[in-house]
Amino acid sequence: MSEGRRINMTEEYISELKELGLALKYARRNAGFSIRKLSSECGVMPYQICGIENGDIGTTIHTLHRIFKALGTTMRKAYENLEMEEECV
């Protein structure tokens, strides 16, 4: 694999983490949750939620499921809502 291809994969991964973070942040705010409240509802540490929202860290699908379930939504719905929000801006 060429060095350029590795860089593109890394940039794509970072872009996807940031998009996931935005979807989570939008869903959390839309549900009226603070990071601390969400943390207590889903059992994920506040620093981890903050890191996911900022696109700084990845996590497991299991953890994401717990987070979105606590928010009363799914990852798919969160992405759809984010896309609709971005279209309105």
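Quantities reported herein were computed from a predicted structural model and do not represent experimental measurements. Excluded from the calculations below are hydrogen atoms, water molecules and symmetry mates; all remaining heavy atoms, backbone and side chain alike, are included.
- Side chain of R66 to main chain of G43: a donor-acceptor pair is present (N/O by atom type, distance under 3.5 Å, no hydrogens or angles).
- Looking at heavy atoms from C-beta onward, T74 lies out of side-chain contact with F68 at the 4.5 angstrom threshold.
- Atom CD1 of residue I52 and atom CD of residue Q48 lie 4.5 Å apart, to the nearest 0.5 angstrom.
- Listed here is the closest heavy atom pair of A23 and L82: N-CD2, 3.6 Å.
- From S40, atom OG reaches atom CZ of F33 across 8.5 Å, with rounding to the nearest 0.5 Å.
- With rounding to the nearest 0.5 angstrom, the CG atom of L17 is 11.0 Å from the CG atom of L22.
- Looking at T60 and L64, their side chains never come closer than 4.5 Å, going by heavy atoms from C-beta outward.
- Between K69 atom NZ and C42 atom SG the span is 12.0 Å, to the nearest 0.5 Å.
- Remark: L38 CG to L71 CG distance equals 5.0 Å, nearest 0.5 Å.
- Taking 4.5 Å as the limit, some side-chain heavy atom of E19 sits within range of a side-chain heavy atom of Y79.
- With I49 as the fixed residue, the side chain to side chain contact (heavy atoms under 4.5 Å, CB included) test singles out one of N54, T59, I35, I57: I35.
- The CE atom of M75 sits 4.5 Å away from atom CD1 of I61, with the distance rounded to the nearest 0.5 Å.
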